[in-house]
Every structure is written in C-alpha cells, then in structure tokens.
Amino acid sequence: MHAAVGRRTVLRDDLPAVMDSRRAEAEIIAEAYRSAHRGDDRAALVAAIADALADLAAAEERAEAVRRQVSRGYVRAGAPVAAERA
C-alpha cells in the first residue's frame, strides 16, 4: 500500500508509528460502530459521521466562546474608566 505524506508518496511501511496507532484506533472505533449497528456498514458509517459532525460543531462552539471571552477582555481592559481619566 502507498500513502500520501506531504508532497511525496511513501510506502505504508515507512509511515511513522503515530500514523499506525491512529489507524489502529480508527479500526477499533469502526468495529465498535459496526457491532453497534449489527454489521450494517452503511448505518455504522452514517452514525460515525453524524457523531464526528456533532463533535466538530461542539468544538467550534467552544472555540467561538473562547474568542468572545478574549474579545471582551480586550474591550474591558482597553478603555480607561472615568475615575482614572480625572
């Protein structure tokens, strides 16, 4: 098997151990979804994608909340209070 890494193609045997462990983890997760859906590959795939999209949406919401907090911090710290100006 071959895999694209960056701009070059390497043999799968040359992939770093991290990639191998991620693939092993992905296979375990895939088998768990398949078992949960009694061997129905399509239903398992749809459920996995739905869960991944839900996780992505939750992560985006958390990131947006952090951005809002940072912005409020700059606004609060940026303008001097009336007592400080006098």
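Source: prediction; values computed, not measured.
- Under the 4.5 Å side-chain heavy-atom criterion for Ile, Leu, Val, Met, Phe, Trp and Tyr, Leu53 and Leu45 are members of the same hydrophobic cluster.
- Between atom CG of residue Leu56 and atom CD of residue Glu61 there is a gap of 10.0 Å, rounded to the nearest 0.5 Å.
- In this structure, CD in Glu27 is found 11.0 Å from CD in Glu25, a value given to the nearest 0.5 Å.
- One finds a salt bridge joining Arg67 and Glu64 here, because a Lys/Arg side-chain nitrogen approaches an Asp/Glu carboxylate oxygen to under 4.0 Å.
- Nearest approach of His37 to Ala44, heavy atoms of both residues: CD2-CA, 3.7 Å.
- Between Arg42 and Asp40 the shortest side-chain heavy-atom distance falls below 4.5 Å.
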